[in-house]
Amino acid sequence: MSRPSPDPNLDALLAQLRQHYPCGKAPSLGAGRKAAVLVVDFIEGFTNAQSPLAGKWDEPIACTVELLRHAQSKGVPAIFTTVEYDPIELEHNLLVRKAPRVSVLSRGSRWTEVDHRLPRTDSDLVITKKHGSAFFGTALASHLLMMGVDTLLIAGCVTSGCVRASAVDAAQLGFRPLVVRDAVADRSLLAHEANLLDIEARYGDVLSIEQALSCIENLS
């Protein structure tokens, strides 16, 4: 999510936050042996202007398109997540209870479909999740192990929610999370920047789109 113009107030808040990381810049994890692109929740329910949950994220979507096309040209696999709830889950899932608006993501709804602008191949995976992390309650880790993937280039939304949760779980499970700054989005610019700072300090690397494309090139 690009910042359209300098914001002194935001910069001051981020500078204050950086003071709580006394160890300085964290070491880079870098890429491992094989990467996959993980696109977290860039679905119609979060990206289509007609959806009640939509954000204005055309630029991160465009960067994700570029990332996916380059990955496809190099044979790098892609995995997409969607959120979809069955009727009983709408009653008992605590995330739905906390944020009732997401109940529009019911099974069979048009809002659960992967954003139509994102290029996909027949070999790409679409994983349905019920919670924040792409790993929680899904077979994602098993799929990655079977494919020999140890590195994830992460795109999607939102930075402070499902993207962060997925990056944290990736690191905890031994997969290197490389979050592509230009290809992730949040409704709050402050939350976006603060969580990217924290991810880079504690869990993974934060890359520009150019660095992500170079990473794909080097692993091909």
Side-chain angles (χ1 to χ4, degrees), residues 1-2 28-48 54-55 57-84 110-129 133-135 138-159 162-167 169-171 173-186 196 199 204-220:
M1 185 177 183
S2 60
S28 172
L29 292 178
R33 298 179 302 277
K34 184 176 180 180
V37 176
L38 175 63
V39 182
V40 179
D41 295 357
F42 266 162
I43 57 176
E44 295 289 337
F46 295 130
T47 61
N48 189 311
W57 299 327
D58 287 345
E59 288 185 21
I61 288 286
C63 285
T64 303
V65 169
E66 184 179 4
L67 181 68
L68 288 167
R69 284 179 175 158
H70 195 66
Q72 290 168 0
S73 73
K74 299 298 180 180
V76 172
I79 301 163
F80 300 80
T81 71
T82 182
V83 181
E84 190 175 62
R110 61 180 286 209
W111 303 130
T112 67
E113 298 174 4
V114 173
D115 187 289
H116 66 279
R117 293 167 288 183
L118 300 180
R120 291 160 55 192
T121 70
D122 291 339
S123 60
D124 292 338
L125 289 172
V126 178
I127 291 179
T128 299
K129 66 186 183 70
S133 170
F135 290 92
T138 76
L140 176 56
S142 296
H143 286 299
L144 296 176
L145 290 172
M146 286 188 290
M147 293 188 292
V149 168
D150 62 1
T151 301
L152 290 173
L153 292 159
I154 302 176
C157 64
V158 295
T159 313
C162 297
V163 168
R164 178 194 171 92
S166 299
D169 273 1
L173 292 167
F175 302 101
R176 297 169 186 237
L178 311 182
V179 177
V180 185
R181 168 185 288 276
D182 309 289
V184 294
D186 202 296
L196 288 178
I199 288 169
D205 297 349
V206 177
L207 309 182
S208 67
I209 184 63
E210 293 79 14
Q211 290 172 317
L213 298 180
S214 178
C215 176
I216 290 173
E217 198 74 29
N218 292 336
L219 290 178
S220 301

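One is the number of the first residue; the rest follow in order along the sequence.
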Between Val184 and the options Val179, Val40, Thr64, the side-chain contact (heavy atoms from CB on, under 4.5 Å) test singles out Val179
Backbone of [Y] reached by a side-chain donor or acceptor of [X] within 3.5 Å:
X      : Y      : value
Thr82  : Val114 : no
Thr159 : Ala185 : yes
Thr128 : Glu84  : no
Ser73  : His70  : yes
Asp182 : Ile209 : yes
Asp150 : Lys34  : yes
Gln72  : Pro119 : yes

For Thr47, what residues pass the side chain to side chain donor-acceptor pair (under 3.5 Å) criterion, not counting sequence neighbours?
-> Asp115
Interatomic distance, [X] atom [atom1] to [Y] atom [atom2] [nearest 0.5 angstrom]:
X      : Y      : atom1 : atom2 : value
Leu67  : Cys215 : CG    : SG    : 9.5 Å
Ile61  : Leu68  : CD1   : CG    : 9.5 Å
Lys74  : Glu217 : NZ    : CD    : 4.0 Å
Phe80  : Ile127 : CZ    : CD1   : 11.5 Å
Thr81  : Ile43  : OG1   : CD1   : 7.5 Å
Arg181 : Ile199 : CZ    : CD1   : 10.0 Å

Non-hydrogen atoms of [X] and [Y] that approach each other most closely:
X      : Y      : result
Asp124 : Pro77  : OD1-C, 4.5 Å
Cys162 : Cys157 : CB-O, 3.8 Å
Arg33  : Leu219 : O-CD2, 3.8 Å
Val65  : Arg117 : CG2-O, 3.5 Å
Val163 : Ala155 : CG2-O, 4.4 Å

Answer whether the closest heavy-atom distance between the side chains of Pro60 and Val180 falls below 4.5 Å.
-> no
Any Leu29 side-chain heavy atom under 4.5 Å of Thr151 side chain | no
Lys/Arg N to Asp/Glu carboxylate O, Arg176 vs Asp205, below 4.0 Å = no
Could you go through residues 138-149 and list every donor-acceptor pair under 3.5 Å that involves a side-chain atom there, pairing it with any protein atom two or more places apart or in another chain?
unit_1	atom_1	unit_2	atom_2	d
Thr138	OG1	Ala134	O	2.6
Thr138	OG1	Phe135	O	3.4
Thr138	OG1	Leu140	N	3.2

Should Trp57 and Val158 be marked as a side-chain contact (heavy atoms from CB on, under 4.5 Å) after you check the CA-CA gap, both sets of side-chain angles, and the distance that decides it?
-> CA-CA 10 Å; Trp57 299 327; Val158 295; 3.7 Å; yes
Does a side chain donor of either Ser166 or Asp169 reach within less than 3.5 Å of an acceptor in the other side chain?
-> no
